[in-house]
2 protein chains.
Amino acid sequence: MARRVQKPATQVTADDVARKLGVSQSTISRAFSMTASISEKMKRRVIDASNALGYQPNVIARSLITRRTNMVAIVMANLVDPFYPVVLDELVQQVQARGFQTLLFVPSPGQPVDDIMPNLLQYQVDAIVLTSATISSAMARTCAARDTPVVSFNRYVPGLQIHAVASDNIAGARQVADYLVSTGHERPAFIAAQRDATTNIDRRHGFMSRLKELGMPACLEEEAGDFSYEAGYAATKRLLRKAKRPDAIFYASDIMAAGGIDAARELGMGVPEDVSIVGYDDVPMAALPCYSLTTIRQPVAEMAKVAIDLLGLADPRGTKSAPAMRTIMGSLITRSSTMNRGTAGAGRKRKAAR
Amino acid sequence: MARRVQKPATQVTADDVARKLGVSQSTISRAFSMTASISEKMKRRVIDASNALGYQPNVIARSLITRRTNMVAIVMANLVDPFYPVVLDELVQQVQARGFQTLLFVPSPGQPVDDIMPNLLQYQVDAIVLTSATISSAMARTCAARDTPVVSFNRYVPGLQIHAVASDNIAGARQVADYLVSTGHERPAFIAAQRDATTNIDRRHGFMSRLKELGMPACLEEEAGDFSYEAGYAATKRLLRKAKRPDAIFYASDIMAAGGIDAARELGMGVPEDVSIVGYDDVPMAALPCYSLTTIRQPVAEMAKVAIDLLGLADPRGTKSAPAMRTIMGSLITRSSTMNRGTAGAGRKRKAAR
DNA sequence: TTGAAAGCGTTACCAG
DNA sequence: CTGGTAACGCTTTCAA
């Protein structure tokens with residue numbers, strides 16, 4: 001039996017196609033470019049021969065000379081919170097729709113994003129999307145010097161010279177305050193996540209300041225520490241065990257609110273009978289019957305579109321726009337984790353009278 | 001005021017560093033290679049000068065000559081099912097831990113993976129991971145010809161010449177059958193997802209065949225159509241409205257089972273009092289108090305490790321191993337969506353007697 | 001250990 | 001419209 005000769009497994013190049021057709025290698029290149037001029041007939045011959053030989057242009061070699069890799073880096077610091085798979089999905093769709101590919105980076109827990117940036121820049125990505133993560137201003141300058149646009153999704157750092165897209169957290173939180181007051185709640189509380197996250201800061205501030213405007217006395221507050229189910233659960237237990245219990249709790253995020261609902265129920269309290277619960281994000285989970293969570297819906301698809309648009313991928317070497325901050329309006333989705341407690345003053349009586 | 005000259009924004013190359021140091025460009029290259037021989041002193045000088053100038057090797061240029069991009073493509077057909085974010089997280093961690101980067105592809109709904117493979121191969125990725133997706137045998141041959149290893153995660157196609165990793169779906173489903181029978185269930189049912197998905201086929205078969213072995217009469221069955229909450233919900237409503245109702249339902253996946261629990265409750269039935277519910281995957285959601293779902297836990301971290309190991313990324317141009325199929329044992333996690341209905345025969349009486 | 005030179009596979013420019 | 005030739009930024013022989 002003849003020993004099978006090992007196939008070289010070397011890749012088919014434009015030269016191979018050129019040789020087969022007896023034309024120059026440049027011609028092969030032109031057949032795959034939409035700007036170069038080439039006759040229809042020749043183009044057909046090249047395409048056919050390429051298919052026959054299994055030739056595909058090597059985009060790595062191409063990007064060496066065009067200086068564009070057609071890759072967008074997406075940094076995802078968090079895949080556990082159910083909000084982020086949705087975000088990733090939308091971002092990737094937007095990237096791919098523009099003919100680009102996604103290079104995904106997931107920092108290991110605790111790893112600062114600045115650490116992975118050099119690595120990422122080595123790959124010569126055409127743009128960078130950061131989700132729930134920020135970089136130092138030094139790193140922002142490095143990116144600017146390289147003409148690599150950066151957009152921060154769902155977070156921003158005031159003064160940092162990069163693009164940013166977020167839902168209007170302040171306006172959203174104000175809507176929650178308006179809604180809770182108009183439905184007769186009298187002792188609202190806020191459960192906070194990371195102190196320094198802009199999402200947390202703005203939602204807290206919008207909520208608190210609007211309550212004050214509405215003449216509501218001091219709002220209760222509890223620090224959960226981070227945006228997790230467990231943190232929301234624990235903070236809620238602490239809060240509801242206090243003497244002066246709130247009749248409504250607004251959380252910095254949906255997943256925290258879910259933990260809150262479960263905590264309240266475990267304490268024998270009804271949601272919304274004893275306490276109304278409001279989240280922020282409108283993750284898929286919020287619509288489940290066991291939570292049926294009133295929340296602010298983040299328009300993720302639109303936010304993703306705006307974010308990718310800001311990168312200006314369309315115009316190669318085009319004018320990089322100045323860092324812009326875009327905030328997009330969310331909308332209040334009312335479900336059954338909240339209830340109308342009667343207009344302020346009439347209070348519980350009105351409900352009982354029905 | 002002098003008009004500022006526009007910075008060329010050209011990247012710093014090894015040549016720039018070489019010029020500054022008065023050495024050859026090869027020396028710069030050697031300083032960043034761990035195999036090349038270079039004096040410690042020179043290496044220091046190069047590294048220092050590189051930092052000063054902000055030089056970082058261009059990995060794109062490197063990969064053109066090394067023929068390795070250090071990129072692994074991950075194809076994620078589904079990010080909606082909560083099982084997949086977990087999978088993606090683990091896979092990316094494994095990829096990054098080996099010093100590789102992830103090129104992520106999300107096919108648009110309905111787009112066959114075969115369509116995006118050429119695109120993906122153009123990027124010269126060193127390996128490919130497919131999750132809940134399959135490719136044609138022609139495409140598998142193309143990859144083999146290019147020496148690009150492919151592993152299918154959580155799905156396999158018998159006879160297809162690519163690696164595959166999955167939990168032992170047959171054994172897992174058998175465990176469910178054993179458990180339900182031993183806890184006194186007498187009318188088990190199975191709710192199926194896609195007919196052609198190997199996960200569905202194996203879970204169904206393992207369950208059915210074990211029930212038969214245990215002398216259980218014909219198992220009820222309902223087709224949900226796909227692996228979604230909505231499909232599980234709808235199929236459960238159909239099933240529970242029938243005259244002969246099951247006392248336990250095993251679903252092809254957790255998210256379907258969650259839909260099932262909600263459907264049962266909506267019909268006024270108690271879970272587990274009226275019907276026990278069992279899922280498969282052990283997604284984070286399964287542990288929530290409102291579902292507290294009995295399920296088979298897929299050892300995702302271990303599966304991801306095995307999958308990436310199969311790609312043989314460690315040895316460059318090394319011996320590509322023959323296509324292997326690895327199945328990994330899952331474990332039964334019992335929670336309160338199931339209950340003990342007493343040993344068969346004693347049946348409900350025993351429970352009532354307590 | 002170091003330098004010079006030859007590629008890697010492509011695009012882009014310049015003649016014809 | 002087509003063919004030659006010079007990059008792109010790097011790694012890798014081969015000599016010195």
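Below, chains carry the letters A, B, ... as their sequence lines are ordered, and counting in each starts from 1. Just so it is clear, the structure is predicted and the values come from calculations on it, not from any experiment.
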#### Entry: Phosphate contact (D:dG3 OP1 or OP2) by A:Thr27 side-chain N/O below 4.0 Å
yes
### Task
Quickly work out the B:Arg62 CZ to C:dT10 C1' distance and round it to whole Å.
20 Å
#### Entry: Pairing of B:Asp196 and B:Arg155 as salt bridge, 4.0 angstrom limit
no
### Task
Identify which nucleotide among C:dG3, C:dT10, D:dC10 has an atom closest to any side-chain atom of A:Ile65, counting heavy atoms from C-beta outward.
C:dT10
### Query
What's the closest nucleotide to the B:Ile38 side chain, out of C:dT2, D:dT2, C:dC8?
C:dT2
### Query
With sugar-phosphate meaning primed atoms plus P, OP1 and OP2, does A:Val23 contact a base, only sugar-phosphate, or nothing at under 4.0 Å between heavy atoms?
sugar-phosphate
### Query
Charged N to carboxylate O below 4.0 Å: is that the case for B:Asp16 and B:Arg19?
yes
### Message
Under 4.0 Å, heavy atoms only, any strand: does A:Ser39 hit a base, just the sugar-phosphate, or nothing?
### Response
sugar-phosphate
### Task
Measure from the side chain of A:Ser24, starting at C-beta and using heavy atoms only, and say which of D:dG4, C:dT10, D:dT11 lies closest.
D:dG4
### Query
How close or far is atom C1' of D:dC8 from atom CG of B:Asp16, stated in whole angstroms?
13 Å
#### Entry: Touch class at under 4.0 angstrom, heavy-atom based, for B:Phe32 against every strand present
nothing
### Query
In whole Å, what is the span from the CZ atom of A:Arg30 to the P atom of D:dG3?
7 Å
### Euclidean distance, B:Asn51 CG relative to B:Gln56 CD, rounded to 0.5 Å
8.0 Å
### Task
Answer yes or no: does a side-chain N or O of B:Arg67 lie under 4.0 Å from OP1 or OP2 of C:dG9?
yes
### Query
Going by heavy atoms in the side chains, are B:Ser137 and B:Gln161 under 4.5 Å from each other?
no
### Message
Does C:dT1 have OP1 or OP2 under 4.0 Å away from a side-chain N or O of B:Ser37?
### Response
yes
### Task
Check the distance between C:dG9's C1' and A:Ile60's CD1 and give it to me in whole angstrom.
11 Å
### Query
For the atom pair CD (A:Gln94) and CG (A:Asp89), what is the distance rounded to the nearest 0.5 Å?
10.5 Å
### Task
Would you mind classifying the nucleic acid contact of A:Ser29 as base, sugar-phosphate or nothing, using non-hydrogen atoms under 4.0 angstrom?
base
### Task
Find the distance B:Asp15:CG to D:dC10:C1' and express it as a whole number of Å.
10 Å
#### Entry: Value in whole Å for how far the C1' atom of C:dT11 lies from CD of A:Gln25
8 Å
### Task
Whole angstrom is fine here: how far is it from CZ in A:Arg19 over to C1' in D:dG3?
16 Å
### Task
Identify which nucleotide among C:dA4, D:dC10, C:dT10 has an atom closest to any side-chain atom of A:Thr13, counting heavy atoms from C-beta outward.
C:dT10
#### Entry: Short side-chain N/O contact from B:Ser26 to OP1 or OP2 of C:dT2, under 4.0 Å
no
### Query
Less than 6.0 Å separating the ring centroids of B:Tyr123 and B:Phe105?
no
### Message
Of the options D:dC8, C:dT2, D:dT11, whose atoms approach the side-chain atoms of A:Leu64 most closely?
### Response
D:dC8
#### Entry: A:Met34 CE - C:dT11 P separation (whole Å)
10 Å
### Task
Using heavy atoms to find the nearest nucleotide of DNA chain D for B:Thr35 and B:Ala61 separately, return the residue whose nucleotide is more 5′.
B:Ala61
